[in-house]
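The chains referred to below are lettered A, B, ... by the order of the sequence lines, with proteins before strands, and numbering in each begins at 1.
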Amino acid sequence: MEWFAGIGRSTMGMAAGLGRAAYLLFGSLVARPQPLKNFPLTIRQIYVVGVQSLLIIIVSGAFIGMVLALQAYTVLVDYGAEQSLGPMVALSLLRELGPVVTALLFAGRAGSALTAEIGLMKATEQLSSLEMMAVDPLRRVIAPRLWAGIISMPLLALIFSTVGILGGHAVGVDWLGVDSGSYWSVMQAAVDFNDDVMNGVIKSVVFAFVVTWIAVFKGYDAVPTSEGIGQATTQTVVYSSLAVLGLDFVLTALMFGTH
Amino acid sequence: MNSRKIEILVGLFVALAVAALLMLALKVADKGFSGNGETYELKAKFDNVGGLKERSPVKVGGVVVGRVGSIKLDEDDFTPVVTLVISEEYDQFPTTSSVSILTSGLLGEQYVGLQPGFLLDENDILKPGQFIEDTKSALVLEDLIGQFLFSRNND
């Protein structure tokens with residue numbers, strides 16, 4: 001009996017958590033949005049989550065593009081097909097690695113920080129004091145952070161893919177000696193703007209929404225103790241990474257699966 | 001950190017992302033900005049260009065001397081006209097030169113091979129915009145197999 005009670009408890013807890021998360025989303029984005037009034041706050045959050053993530057995004061993008069080119073070259077050169085290095089690097093980055101790795105890095109770099117910040121605001125009762133002053137914390141604190149995440153991550157993913165393709169060019173063309181014109185022309189023949197670039201952007205918008213939502217919800221819902229904040233931060237990274245990887249499979253199957 | 005500085009940095013961030021999108025649209029997905037160094041154009045008519053693409057390399061003895069600029073159909077006799085954009089450095093090709101469409105490796109990319117001819121007269125140098133008369137078309141595998149089967153049936 002105790003076992004069934006445990007299942008029931010955890011199911012009800014999950015349902016209640018989903019409800020609180022949906023309420024948070026509704027309260028911060030849907031119910032009477034004030035985008036103009038909160039615009040300066042959003043700009044500040046874009047600086048925190050977007051601009052400050054630039055360095056890690058650019059460095060990892062460059063290295064992932066370089067290692068992709070290096071690995072692909074060792075296989076392709078056996079078949080005399082090293083001209084296919086360009087589309088190999090570009091398609092991997094635009095379709096999969098750009099959105100996914102950006103989302104994982106974003107969850108680790110910005111998502112955890114959002115959770116910890118909001119969780120500490122809750123623990124030190126800053127959120128309650130805002131409510132005492134008749135300021136809705138959902139709109140003042142949560143909404144700008146959600147918007148900032150949703151705006152920043154697709155931009156970061158675009159920068160990631162571009163830097164990765166340039167990194168692949170540096171290794172493939174400048175170091176391994178693939179012809180530069182072939183690198184670009186074969187890539188241009190293989191990459192379609194709508195099918196590949198825009199689908200990657202759509203993917204990263206979805207990931208941005210999910211990762212930022214999980215991050216702010218886990219912070220807003222954290223147990224207001226130092227232990228609780230630590231746990232919430234861990235959960236943010238774990239849940240958003242799993243959500244991103246799972247969703248990526250679904251989105252890839254929907255977008256590219258039927259060819 | 002005052003808000004003016006933050007606004008500038010966010011603006012730069014957005015501009016960087018837009019630049020990345022432009023680069024992905026123009027250089028990765030579509031035609032790139034070509035043109036580094038001085039170039040001149042030569043033209044050649046082929047019966048069949050096969051899988052030749054714009055920006056494919058033009059090679060002389062394996063050395064890249066230019067790129068394919070454009071591939072269009074001649075409006076009068078419906079044969080493909082390939083414009084070759086050759087580096088100004090190499091402007092001494094004789095009119096007796098020949099071009100052929102070759103494939104690098106068995107499955108590789110197709111490129112234009114330029115075979116310089118003999119220089120009989122000082123005035124017989126290819127001028128910008130001039131047609132190269134002697135061309136050999138791309139090898140189409142299906143045609144080749146067809147010819148092979150045809151010749152076997154005759155035996």
Side-chain angles (χ1 to χ4, degrees), chain A residues 40-48 50-54 58 61 76-77 79-84 86-87 89-91 93-94 98 148 151-152 154-163 165-166 169 179-198 200-201, chain B residues 1-37 39 51-59 62-71 84-85 87 103-112:
Chain A
L41 291 173
T42 311
I43 293 283
R44 190 175 185 87
Q45 289 306 317
I46 291 179
Y47 172 75
V48 174
V51 177
Q52 292 191 336
S53 308
L54 260 183
I58 288 175
L76 291 174
V77 76
Y79 303 98
E82 63 267 30
Q83 281 89 354
S84 302
V89 171
L91 288 180
L93 279 167
L94 288 171
I151 293 169
S152 301
L155 304 182
L156 289 171
L158 282 172
I159 294 171
F160 184 97
S161 298
T162 310
V163 172
I165 289 168
L166 291 176
H169 184 272
D179 180 62
S180 174
S182 293
Y183 185 84
W184 293 116
S185 68
V186 183
M187 186 189 289
Q188 281 158 12
V191 176
D192 183 81
F193 184 73
N194 284 331
D195 277 358
D196 300 313
V197 180
M198 286 326 277
V201 172
Chain B
M1 189 58 92
N2 60 35
S3 70
R4 176 94 186 128
K5 213 167 171 182
I6 287 175
E7 277 170 5
I8 292 171
L9 284 168
V10 170
L12 282 175
F13 168 57
V14 174
L16 189 66
V18 170
L21 183 67
L22 273 181
M23 156 138 188
L24 288 178
L26 293 174
K27 181 115 191 177
V28 176
D30 205 351
K31 285 176 211 162
F33 309 104
S34 58
N36 28 4
T39 56
L52 196 71
K53 293 183 192 74
E54 290 181 3
R55 287 186 51 77
S56 297
V58 178
K59 297 182 183 180
V63 178
V64 179
V65 297
R67 309 254 166 233
V68 172
S70 67
I71 302 173
L84 309 173
V85 181
S87 170
T103 310
S104 52
L106 198 55
L107 302 166
E109 269 299 293
Q110 289 193 304
Y111 65 95
V112 176

**Student:** Tell me, side chain or backbone of A:S152 under 4.5 Å from chain B's heavy atoms, or both, or neither?
**Tutor:** both
**Student:** So what's closer than 4.5 Å to chain B heavy atoms on A:I165: side chain, backbone, both or neither?
**Tutor:** side chain
**Student:** Test of understanding: with ring-ring contact (aromatic ring centres under 6.0 Å, His included), list the residues that count as partners of B:Y111, not counting sequence neighbours.
**Tutor:** none
**Student:** Is it the backbone or the side chain of A:L166 that comes under 4.5 Å from a heavy atom of chain B, or both, or neither?
**Tutor:** side chain
**Student:** Return the minimal non-hydrogen interatomic distance between B:V10 and A:V51, and the atom names on each side.
**Tutor:** CA-CG2, 4.0 Å
**Student:** Applying side chain to side chain contact (heavy atoms under 4.5 Å, CB included), can you list everything that pairs with A:V163, at least two apart in sequence or on another chain?
**Tutor:** A:I58, A:A62, A:I159
**Student:** Mind checking the CZ-CG spacing from B:F13 to A:L54? Nearest 0.5 Å is all I need.
**Tutor:** 5.5 Å
**Student:** Go through the atoms of B:V64 and report whether side chain, backbone, both or neither lie under 4.5 Å from a heavy atom of chain A.
**Tutor:** side chain
**Student:** Please name all residues satisfying side-chain hydrogen bond (donor to acceptor under 3.5 Å, both in side chains) with B:S70, sequence neighbours left out, ordered by chain then number.
**Tutor:** B:T83
**Student:** Could you state the interatomic distance from CG (B:L26) to CZ (A:F193), rounded to the nearest 0.5 Å?
**Tutor:** 8.5 Å
**Student:** Among residues 16-23 of chain B, which residues come closer than 4.5 Å to chain A, judged by heavy atom distances?
**Tutor:** B:L16, B:A17, B:A20, B:L21, B:M23
